[in-house]
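Here is the naming used below: chain letters follow the sequence lines, and residue numbers restart at 1 for every chain. Both backbone and side-chain heavy atoms feed into the values below; hydrogens, waters and symmetry mates do not. Since the structure is predicted, the reported quantities are computational estimates derived from the model, not experimental observations.
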There are 2 protein chains.
Amino acid sequence: MNNRLEEIRKQRGIKQEELAAALEVSRQTIGSLENGRYNPSILLAFRIARFFGMSIEEIFIYEEDDRV
Amino acid sequence: MNNRLEEIRKQRGIKQEELAAALEVSRQTIGSLENGRYNPSILLAFRIARFFGMSIEEIFIYEEDDRV
DNA sequence: TTAAAATGGAAAGCAGACTTTACATTTTTA
DNA sequence: TAAAAATGTAAAGTCTGCTTTCCATTTTAA
């Protein structure tokens, strides 16, 4: 799964650390998501989407062959 | 987090086992989601939403105090 | 109303999401 | 250009999502 996290975060002019604080997760979690090391839990995805005022689908890009 | 899985599945007149097969997960996974034993991964949430032709937000109901 | 089908749910095991700690590299600023 | 700030990334640990197996309970159908 791809995502537009880094792009959206930079549009808003905020740092990984600030986003992490706002979402109450670690900075490493944000970095790991931005660099595709893993996918967010659905709860974190909701919190990210809500923080940016967007839908999950606008931020996280599901690809047909993504397996559970 | 709440969800409308059971309601939507029954609207479509399909069984847990059929939904499980369509999504390529186990029947127990569907039952566990419907009964709130755990939340889906974001990949499974995407697959469920796509299967029903709905958005994740229409099926899974995030509540403000849900923590990661 | 009994047999079959559907659902509920537990246990053990594996993989992935997230944490903290720690250090290296890159980018920004003075 | 040197110091400071921001980001990359790894390791070990915990917790949760999902699996398979198994059995009990509820619902449907003959």
Side-chain angles (χ1 to χ4, degrees):
Chain A
M1 197 180 60
N2 291 332
N3 71 70
R4 307 202 300 124
L5 250 191
E6 181 173 14
E7 170 194 352
I8 296 167
R9 175 178 61 79
K10 288 186 173 171
Q11 278 177 2
R12 314 292 170 113
I14 74 178
K15 307 183 206 322
Q16 287 188 347
E17 191 140 22
E18 294 169 335
L19 180 56
L23 298 170
E24 299 181 68
V25 294
S26 69
R27 175 182 67 82
Q28 286 75 357
T29 292
I30 301 301
S32 294
L33 295 178
E34 289 191 353
N35 290 295
R37 278 189 292 278
Y38 50 71
N39 296 322
S41 68
I42 191 169
L43 291 183
L44 180 52
F46 264 111
R47 292 171 62 76
I48 291 171
R50 182 156 305 193
F51 179 80
F52 287 124
M54 303 171 72
S55 70
I56 290 179
E57 285 86 351
E58 287 172 318
I59 302 175
F60 298 95
I61 314 302
Y62 177 77
E63 292 150 27
E64 203 45 70
D65 56 343
D66 286 347
R67 281 286 154 265
V68 175
Chain B
M1 199 180 58
N2 292 333
N3 70 71
R4 307 201 299 123
L5 249 191
E6 181 174 15
E7 169 194 353
I8 296 167
R9 176 179 61 79
K10 288 185 173 171
Q11 280 175 359
R12 314 291 170 113
I14 74 178
K15 305 184 208 321
Q16 286 188 347
E17 192 141 22
E18 295 169 335
L19 179 56
L23 298 169
E24 299 180 67
V25 295
S26 69
R27 175 182 67 80
Q28 284 74 0
T29 292
I30 301 301
S32 294
L33 295 177
E34 288 192 353
N35 290 295
R37 277 189 291 281
Y38 50 71
N39 297 322
S41 68
I42 191 169
L43 291 183
L44 180 51
F46 263 111
R47 292 171 62 76
I48 291 171
R50 183 156 306 193
F51 178 80
F52 287 125
M54 302 172 70
S55 70
I56 290 179
E57 285 86 350
E58 287 172 319
I59 303 176
F60 298 95
I61 314 301
Y62 177 77
E63 291 149 29
E64 204 45 66
D65 56 343
D66 285 346
R67 281 283 154 269
V68 174

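- Here the P atom of nucleotide dG8(D) and the CZ atom of R37(A) are 7 Å apart, to the nearest Å.
- Between the P atom of dA17(C) and the CD atom of E34(A) lies a distance of 16 Å, rounded to the nearest Å.
- Computed from coordinates, the I42(A) CD1 to dC18(C) P distance equals 12 Å when rounded to whole Å.
- In this structure, CG of L43(A) is placed 9 Å from P of dC18(C), rounded to the nearest angstrom.
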Handout entry: Heavy-atom protein contacts under 4.0 Å, nucleotides 19-28 of chain C, coded B base, S sugar-phosphate only, - none
Key = BBBB------
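- Across A45(B) and I42(A), no two heavy atoms sit closer than the pair CB-CD1, 3.4 Å.
- Distances were taken from every side-chain heavy atom of L44(A) (C-beta onward) to each of dG8(C), dC18(D), dC18(C); the shortest belongs to dC18(C).
- Nearest heavy-atom pair, P40(A) versus L33(A), reported as atom, atom and distance to 0.1 Å: N-CD2, 3.5 Å.
- Nearest heavy-atom pair, R4(B) versus M54(B), reported as atom, atom and distance to 0.1 Å: NH2-CE, 3.5 Å.
- The CZ atom of R47(A) sits 11 Å away from the P atom of dC18(C) (whole-angstrom rounding).
- When the shell of 6.0 Å around CD of E17(A) is examined, it contains 12 or fewer heavy atoms from other residues, nucleotides or ligands.
- When rounded to the nearest whole Å, the span between CG of L19(B) and C1' of dA6(C) equals 14 Å.
- Taking a 4.0 Å limit (strictly below) on heavy-atom distances, residues 3-16 of chain B reaches DNA chain C at R9(B), K15(B), Q16(B).
- Residues F46(A) and F60(B) share a closest heavy-atom pair of CZ-O, 3.3 Å.
- Screening L5(A), T29(A), I48(A) for a side chain to side chain contact (heavy atoms under 4.5 Å, CB included) involving L19(A) leaves a single residue, L5(A).
- Heavy atoms from other residues, nucleotides or ligands lying under 6.0 Å from CD of E18(A) number more than 12.
- Spacing between atom CD1 of I30(B) and atom C1' of dT7(C) amounts to 13 Å, rounded to whole angstrom units.
- E24(A) and R47(A) get closest at one heavy-atom pair: OE2-NH2, 3.6 Å.
- Between the CD atom of E17(B) and the C1' atom of dG8(C) there is a distance of 14 Å, rounded to whole Å.
- Listed nucleotides dC18(D), dC18(C), dA10(D) differ in distance to L33(A); the shortest reach to its side chain belongs to dC18(C).
- Between N39(A) and D66(A) there is no side-chain heavy-atom pair separated by less than 4.5 Å.
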